[in-house]
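What follows is a single structure, written as structure tokens, with notes after it.
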Number of protein chains: 2
Amino acid sequence: MATEEERNAEPQKYYQVKTLKKSLDLLEYFTIEHPEWSISELSRASSLYKSNIFNILYTFMLCGYIEKIEGTEKYRLGKKFLDKAHIVHSNLTNFDLIHRALLELARSIPEIIYFGILNNFDVMYIDAAVPENRYITKSVIGMTAPAYCTGIGKALLSACKPEIVDKLLQTKLSPFTPQTITDPAKLKKELIKIRERGYSIDDREHSNNVKCVAIPIFDRNGNLYGAISASGPSSNFSQDVIEKYVDIIQYTARQIQPHL
Amino acid sequence: MATEEERNAEPQKYYQVKTLKKSLDLLEYFTIEHPEWSISELSRASSLYKSNIFNILYTFMLCGYIEKIEGTEKYRLGKKFLDKAHIVHSNLTNFDLIHRALLELARSIPEIIYFGILNNFDVMYIDAAVPENRYITKSVIGMTAPAYCTGIGKALLSACKPEIVDKLLQTKLSPFTPQTITDPAKLKKELIKIRERGYSIDDREHSNNVKCVAIPIFDRNGNLYGAISASGPSSNFSQDVIEKYVDIIQYTARQIQPHL
DNA sequence: GAACAGCGTTCTGAATAATAGAACAAATCA
DNA sequence: TGATTTGTTCTATTATTCAGAACGCTGTTC
């Protein structure tokens with residue numbers, strides 16, 4: 001007879017390499033908010049033995065995925081991730097076409113222009129362009145945000161496979177601002193509306209005082225490719241302005257889509 | 001008595017997690033030139049068993065480090081690397097200061113402006129800025145090139161710890177163009193010269209017809225922080241122009257260095 | 001259309017590798 | 001000074017890995 005533990009256990013995936021899984025899970029402790037960890041800290045947080053963590057970090061370090069910070073006993077993620085990210089980035093076909101499109105949009109629209117794709121339930125920002133006289137203070141590539149409360153995210157959700165949306169609607173939609181849509185039924189309606197009119201608006205749903213308008217981009221076969229947005233202070237985004245931006249972005253979209 | 005195999009073997013690092021090492025080594029097969037691999041291809045290339053690779057890729061896939069390409073039996077690196085690269089990137093202190101500096105330089109200098117750091121014997125490009133009316137066609141972040149034949153690389157080598165240069169000089173300096181410095185003694189002299197005058201020139205040593213001028217950047221304590229370069233068609237870089245660019249970049253460097 | 005060759009995937013137990021836990025020196029703190 | 005806490009070394013036991021066979025599928029060859 002099965003013990004309680006056995007019954008409660010996840011179905012044993014015999015084809016999962018536990019050592020590897022454990023090691024990769026350890027990397028998740030290294031976040032933007034907490035990028036540096038000592039062996040003892042990791043040991044306490046993960047309830048793995050110090051010697052075990054030492055071995056794993058040592059191996060990651062051999063391969064460049066972890067670096068020891070000079071002069072301290074702390075570790076952080078290594079530059080190898082930049083190297084690998086460069087390869088992932090270059091896998092995205094027609095990156096240069098998108099990049100040029102963003103730069104051109106940034107000349108017509110005095111707001112930050114983003115390109116993003118769907119990664120699970122998150123938007124992942126892949127590229128951005130900034131108009132003259134504006135700056136982006138943090139790096140964009142690899143930045144993520146929940147899809148359900150961002151302009152690009154909602155544009156992507158409105159155009160992606162229904163299964164993904166169905167699954168998302170079963171998760172908790174946490175509020176980021178008072179404007180965040182947290183009711184699944186309301187979000188579903190919103191996505192249908194976006195699908196019909198062809199663009200999404202993020203009205204301070206992720207950050208206070210930030211508004212955003214986004215349009216999904218498809219490849220020549222009609223498959224969802226990504227989404228482009230213009231994003232800035234909410235005071236800049238009256239309904240008139242939004243419609244103007246939609247026209248501009250849609251014009252660009254029509255130009256590049258046959259080449260994707 | 002030790003067998004031949006035992007004597008020839010690497011000193012057994014007992015604290016290296018072999019399964020993890022092997023798995024990470026597998027990721028190295030996924031390059032820009034060959035980004036997509038099937039299980040059988042990897043099996044032949046690595047001489048690991050198919051079932052073994054299947055397990056490893058499955059586990060990487062669970063964590064987002066590997067993706068299966070839809071409709072095919074091929075795998076490639078996953079978006080998790082972008083996520084992690086974002087964290088590595090944000091670890092670089094004062095990124096926004098550097099970014100603004102590059103943008104300003106791109107307004108005074110009509111060439112591509114790069115910022116890079118030393119990663120082993122390679123330059124890793126971290127950020128770039130492009131003047132109006134110019135484009136960068138490939139993504140910059142995470143891009144690497146050998147240090148000994150690039151402007152930023154030589155600037156960094158001229159200012160880094162002597163041990164690193166000594167080790168580099170023992171490796172083979174492969175030529176990329178007829179201009180590449182492949183003689184260790186000549187490179188050593190060149191680095192001394194660069195150190196004395198404070199800037200480096202890459203005269204078509206990495207790419208034909210591409211010239212580049214670079215200067216090292218130090219933090220407020222005088223530690224090497226990175227290097228900034230201007231890079232473009234060799235015909236644009238006469239000695240006069242180079243000296244002008246050096247002045248401009250050095251002026252910017254003097255402004256930001258106290259804040260690094 | 002039968003035989004073959006390739007693929008990804010499933011399964012198992014012999015053999016390997018991982019790691020718990022003790023022990024260490026060195027640094028830090030009280 | 002003694003008490004903690006740190007990273008690191010070491011090894012025996014145990015848990016995990018993975019070689020190798022087998023399977024079902026797809027596409028190709030004769």
Side-chain angles (χ1 to χ4, degrees), chain A residues 2-3 5-6 8-27 29-30 34-63 65-78, chain B residues 2-3 5-6 8-27 29-30 34-63 65-78:
Chain A
T3 66
E5 207 166 309
E6 276 165 352
N8 288 345
E10 294 273 311
Q12 170 63 23
K13 301 278 183 173
Y14 52 87
Y15 36 77
Q16 174 182 138
V17 183
K18 289 194 184 177
T19 306
L20 178 56
K21 179 67 163 57
K22 186 207 294 190
S23 304
L24 295 178
D25 286 346
L26 209 58
L27 294 177
Y29 285 96
F30 296 85
H34 194 160
E36 305 184 354
W37 290 80
S38 72
I39 288 181
S40 293
E41 282 169 353
L42 278 173
S43 172
R44 282 189 294 270
S46 65
S47 50
L48 294 174
Y49 278 79
K50 279 195 303 175
S51 57
N52 195 180
I53 298 203
F54 179 81
N55 292 337
I56 293 171
L57 289 189
Y58 179 83
T59 309
F60 272 130
M61 210 158 43
L62 279 180
C63 298
Y65 291 99
I66 287 284
E67 290 174 356
K68 197 166 186 175
I69 303 168
E70 258 186 282
T72 74
E73 296 292 350
K74 302 249 183 177
Y75 296 80
R76 68 175 161 211
L77 298 178
Chain B
T3 65
E5 206 166 309
E6 276 164 352
N8 288 345
E10 293 273 310
Q12 170 63 22
K13 299 279 182 170
Y14 52 87
Y15 37 76
Q16 174 182 140
V17 184
K18 289 193 185 176
T19 306
L20 177 56
K21 179 66 163 56
K22 187 206 293 191
S23 304
L24 295 177
D25 286 347
L26 208 58
L27 294 176
Y29 285 96
F30 296 85
H34 193 161
E36 306 184 354
W37 289 80
S38 72
I39 288 182
S40 293
E41 283 169 353
L42 278 173
S43 171
R44 281 190 294 269
S46 66
S47 49
L48 295 174
Y49 278 77
K50 280 195 301 176
S51 56
N52 196 180
I53 297 203
F54 179 82
N55 292 336
I56 293 171
L57 289 190
Y58 179 85
T59 309
F60 272 130
M61 210 160 39
L62 278 180
C63 298
Y65 291 100
I66 287 285
E67 291 174 355
K68 196 167 185 175
I69 302 168
E70 258 188 282
T72 75
E73 295 291 349
K74 302 250 183 176
Y75 296 80
R76 69 175 161 212
L77 298 178

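In what follows, every chain begins at residue 1, and chains take the letters A, B, ... in the order their sequences are listed. Worth knowing before you read on, the calculation uses all heavy atoms, side chains too, and leaves out hydrogens, waters and symmetry mates. None of the values given here were measured: they were computed from a predicted structure.
Between the C1' atom of C/dC7 and the CG atom of B/L42 lies a distance of 14 Å, rounded to the nearest Å. Summarising the geometry, the separation between CG on A/L57 and C1' on C/dT19 is reported as 15 Å, rounded to the nearest angstrom. The separation between B/Q16 atom CD and C/dA17 atom C1' is 12 Å, rounded to whole Å. If you take CG of A/N52 and C1' of C/dA22, they are 15 Å apart, rounded to a whole angstrom. Residue A/I56 contributes atom CD1, which lies 17 Å from atom P of C/dA17 at whole-angstrom precision. When rounded to the nearest whole Å, the span between CD1 of B/I53 and P of D/dA19 equals 10 Å.
Contact between the side-chain N/O atoms of B/K18 and the OP1/OP2 oxygens of D/dT16 is not found at any separation under 4.0 Å. In this model, the phosphate group of C/dT19 is not approached by any side-chain N or O of A/N55 to a distance below 4.0 Å at OP1 or OP2.
Of the candidates C/dA18, C/dT10, D/dC18, the closest approach to any side-chain atom of A/Y15 belongs to C/dT10. You'll find that the side chain of A/S51 is closest to C/dA20, out of D/dT16, D/dC18, C/dA20.
The residue A/K21 sits apart from the nucleic acid: no heavy atom pair falls under 4.0 Å. Among the protein residues, A/T19 comes within range of the sugar-phosphate backbone only, with heavy atoms under 4.0 Å from sugar or phosphate atoms but none that close to a base.
When base pairs are accepted only as Watson-Crick or G-U wobble with both N-N or N-O distances under 3.5 Å, DNA chain D takes part in stems of 3 or more pairs at C:1-23 with D:8-30, C:25-28 with D:3-6.
Scanning both residues, B/W37 and B/A45, for their nearest heavy atoms gives CZ3-CB, 3.8 Å. Annotation for B/Y75 and B/M61: closest pair CE2-SD, 3.9 Å, computed over non-hydrogen atoms.
B/K68 pairs by the salt bridge (charged side-chain N to carboxylate O under 4.0 Å, His left out) definition with B/E73, not counting sequence neighbours. Residues meeting the side-chain hydrogen bond (donor to acceptor under 3.5 Å, both in side chains) test with A/E41, sequence neighbours left out: A/K74. With sequence neighbours left out, the ring pair (Phe, Tyr, Trp, His ring centres under 6.0 Å) criterion links A/Y65 to A/F81. In terms of the side-chain contact (heavy atoms from CB on, under 4.5 Å) criterion, residue partners of B/L62 (sequence neighbours excluded) are, by chain and number, A/Q16, A/K21, B/Y58.
Looking only at distances, no side-chain donor or acceptor of B/S43 sits under 3.5 Å from a matching main-chain atom of B/I39. Side-chain atoms of A/S23 come within 3.5 Å of backbone N or O of A/T19 as a donor-acceptor pair. Remark: the backbone N or O of B/V17 is paired with a side-chain donor or acceptor of A/T59 at under 3.5 angstrom.
Annotation: side chain of B/C63 is in contact with side chain of A/D25 (closest heavy-atom distance under 4.5 Å).
Pairs passing the salt bridge (charged side-chain N to carboxylate O under 4.0 Å, His left out) check and including a residue from residues 42-62 of chain B, sequence neighbours excluded, do not occur.
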- Message: Show, in sequence, the C-alpha distance, side-chain angles and deciding distance for B/L48 and B/L42, and conclude whether the side chain to side chain contact (heavy atoms under 4.5 Å, CB included) test is met.
- Response: CA-CA 8 Å; B/L48 295 174; B/L42 278 173; over 6 Å; no
Identify all pairs in which a protein N or O lies below 3.5 Å from an N or O of nucleotides 24-28 of chain D, and state each distance.
none

Tabulate atom names and distances for all N/O pairs under 3.5 angstrom spanning the protein and nucleotides 4-7 of chain D.
{"residue": "D/dT6", "atom": "OP1", "partner": "A/R44", "partner atom": "NH1", "Å": "3.2"}
{"residue": "D/dT6", "atom": "O5'", "partner": "A/S40", "partner atom": "OG", "Å": "3.3"}
{"residue": "D/dG7", "atom": "OP1", "partner": "A/I39", "partner atom": "N", "Å": "3.1"}
{"residue": "D/dG7", "atom": "OP2", "partner": "A/S40", "partner atom": "N", "Å": "3.2"}
{"residue": "D/dG7", "atom": "OP2", "partner": "A/S40", "partner atom": "OG", "Å": "2.3"}
{"residue": "D/dG7", "atom": "N7", "partner": "A/K50", "partner atom": "NZ", "Å": "3.0"}

